[in-house]
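Notes for the one structure printed next.
From a predicted model like this one, the values you see are computed outputs, not experimental measurements.
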Amino acid sequence: MKHIVAGIVAHVDAGKTTLSEALLYQSGAVRQLGRVDNGDAFLDPDDLEKQRGITIFSHQASLTHDDLHLTLLDTPGHVDFASQTEQVLSVLDYAILVVSATDGIQGYTRTLWRLLDHYQVPTFIFVNKMDAPTADRDRVLSQLQETFSAGCVAFSGTDLPDESAEDVAMQDDAVLTDYLETGNLSDDTVRRMIQQRKVFPCYFGAALKLDGVDDFLSGLSYWTQENTYPAEFGAKVFKISHDQDERLTWVRVTGGELANKDVILDEQKVNQLRVYNGSKFTIQPTVAAGEVCAIPNLTGTHPGQGLGQQVAARTPEIQPVLTYTVDPQGADLHHCLTVLQELEDEDPQLHVTWSNQLQEIRVQIMGAVQLEILQQMLHDRFDLDIGFGEGSILYQETITQAVEGVGHFEPLRHYAEVHLLMTPAPRGSGLTFAADCSLEVLGKNWQHQVLTNLRAKQQLGVLTGSPLTDVTITLVTGRASIVHSVGGDFREATWRAVRQGLMMLREQGACQLLEPWYQFRLEVGQDQVGRAMNDIQRLHGQFDTPDDTASANGMVVLTGTAPVAEMQGYSQEVLAYTHGQGQLECLVDGYRPCHNQAEIVAAQDYAPVADLPNTPDSVFCAHGAGYPVPWDEVPGMAHVDYAYSAADLQALG
């Protein structure tokens, strides 16, 4: 029997969990058809999910249909929990994207499509709510083709309608040539094109009434194909959860076989293999490649981690843009920290931090709904009632010119000097580290120390102390002492070199503050368009030409981008001036130059020289004692000649 792992994803209220229930019911996996609004959905077993009527956590279920054994991973549908959805996408064979026929392609649906493309997940589309009076099959299909891909083609069960065959063939030049010559399109060719993300089968139905569900199940069974896996063991961690006192590591086995009592991580032994179906599980002696299981009580695991021969996942695309200070409201601060760190274990994007200097805890959040859920979880699971201060924006910093930063660390009986070339990198690329230094100048071990220490901690900018991003940092020269140098010396010299270079750029006005921007979709009435356009301009946003054809209910749609900082609270304004008829949808669209950099830098009043753990100053030695040297005096005292001249740096941009 063919085994496939598929994830089901959608914008909230598109009917994702309803379709999951329908698939389970029609396949005979469950005897009763659960409903979200009744609180008895098989894949929303958590009490919090039942209260809210939304999926908050990813869950697993199994079903069989014809020759298909399907492991179904349900995912959250609200944008605030997109990071949990992203964790699941990295382990899927196929995805099922649910689109509402009444609402069409919404903002978060576009984000999901981008993520599916990022992880290269073959995708089936189920257009739900086709029983609604306003549902228009041809309109939705055209929207899918225009917005997502021309490869979105209508399928019918195991059949490819004649009118769709040519649409499929047109997605590949070689296939089209063969099709025009022979008039034939083999099913295996179609399966291959689906797996290569050239074709996206589209099915239509109404999950709540079970319309089209059998047809869709047959299509999944017929048009999917199983992957082949290497013989050597590998697995990818995609989720951490806690079941009472047990910590569960959820993995997809990507090679070989995982057996009970296997040693897989830091000499840790697998003590049990659980295969879940809803909230219940069976214990298995082995789990084969392609299957999903949970392992109790491993330590040190985290989402995205590779085990065995499996490489680790890339840094998640979805990142929070708001940070909140925890108000313990009388609770012990360190108990709060311990509890929040357990939740961070499950969702690393919380980024829980403790400031010893300020004696405060901060967490990073996607939005208001996640904050409400977090407070409820703290109450329900830990009997902890705490508050949160007003959310503030998570800024980032970058550079606009190249610089060669120098760090020197030479207290008595220690020695290291490091020169780092820092150049601007493309937006969204993060930090990249490299070495372009002769081994005769600096030995391999020392070069390795420099690169390792660059990755060892988050590098901060010097405008507001925000994380540094979109910079390529290259080791270009340096010096070690045969007698006195040790590894810690190069750690100190490396970190100081980064900061020293940034301080030089700060003096030249070449440091840049970045802020998160939203991509928004605003629906208002015809008579409110002028007000909306003025508001967006006031909020330092940009918008496209208003569109009165994009809404199904006669409203006008404005799309564009605006700073997150300015859009906070604007949804309440929209509801007020549209008398509850308008709708604002915002999705994070990455970081861009801050629209009010001078104001933010002044308000935060960050003193980089006073940030001693991130000092830009160096330490030199004279008369048998080390002494500090301010960053701006370091170039004149460096022991190694600069690798780049001012003209060279200017040419590098």
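Below 30°, between 30° and 60°, or above 60°: for F148 and W113 the angle between ring planes is below 30°, a parallel geometry.
Side chain of E232 to main chain of G255: no donor-acceptor pair is present (N/O by atom type, distance under 3.5 Å, no hydrogens or angles). Judged by distance alone, the side chain of Q449 and the main-chain N or O of R491 form no donor-acceptor pair under 3.5 Å. Not a single donor-acceptor pair under 3.5 Å links the side chain of E410 to the backbone N or O of G626. With T561 contributing its side chain and Y518 its backbone, the two residues share no donor-acceptor pair below 3.5 Å. Side-chain atoms of Q500 come within 3.5 Å of backbone atoms of V406 as a donor-acceptor pair (strictly under, hydrogens ignored). Within the 3.5 Å criterion, the main-chain N or O of L468 finds no donor-acceptor partner in the side chain of Q396. Side chain of D80 to backbone of V369: a donor-acceptor contact under 3.5 angstrom is found.
A salt bridge links E573 with R538: the distance from a Lys NZ or Arg NE/NH1/NH2 to an Asp or Glu carboxylate oxygen falls below 4.0 Å. Under a 4.0 Å N-O distance rule, the pair R197/D117 qualifies as a salt bridge. For R114 and E317, the salt-bridge test passes: some basic side-chain N is under 4.0 Å from an acidic carboxylate O.
Remark: Q84 CD to L89 CG distance equals 12.0 Å, nearest 0.5 Å. Taking CH2 from W354 and CG from L337, the interatomic distance works out to 7.0 Å, rounded to the nearest 0.5 Å.
The number of heavy-atom neighbours closer than 6.0 Å to CD of Q359, taken from other residues, nucleotides and ligands shown, is above 12. Heavy atoms from other residues, nucleotides or ligands lying under 6.0 Å from CD1 of I482 number 12 at most. Atom CZ of R592 has more than 12 neighbouring heavy atoms from other residues, nucleotides or ligands inside a 6.0 Å radius.
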Do D93 and R252 pass the salt bridge (Lys or Arg N to Asp or Glu O under 4.0 Å) test, and can you show the C-alpha distance, the side-chain angles, and the key distance before you say yes or no? CA-CA 11 Å; D93 295 318; R252 169 85 191 272; 3.0 Å; yes
Verdict with reasoning, Q364 to Y324, per side chain to side chain donor-acceptor pair (under 3.5 Å): CA-CA 6 Å; Q364 294 181 14; Y324 289 80; over 6 Å; no
Given E344 and H351, is the side chain to side chain donor-acceptor pair (under 3.5 Å) satisfied, shown in steps? CA-CA 7 Å; E344 182 189 26; H351 296 294; 5.0 Å; no
Under the side chain to side chain donor-acceptor pair (under 3.5 Å) rule, what do H408 and E417 come out as? Steps first, then yes or no, please. CA-CA 4 Å; H408 189 96; E417 182 164 304; 2.5 Å; yes
Would you sort out whether Q195 and N227 count as a side chain to side chain donor-acceptor pair (under 3.5 Å), showing the intermediate values? CA-CA 10 Å; Q195 194 167 49; N227 286 330; 3.0 Å; yes
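For the pair K444/H448, no side-chain contact is recorded, criterion being any heavy-atom separation below 4.5 Å from C-beta on.
Here the shortest heavy-atom pairing between V251 and A235 reads CB-CB, 4.2 Å.
Screening L502, T423, D470 for a side chain to side chain contact (heavy atoms under 4.5 Å, CB included) involving I399 leaves a single residue, L502.
Note that R455 lies outside the cation-pi zone of W495, set by a 6.0 Å cut-off to the ring centre and a 45° limit from the axis.
Ring centroid separation for the pair H419 and Y644 does not come in under the 6.0 Å cut-off. The ring of Y108 has its center no closer than 6.0 angstrom to the ring center of H78.
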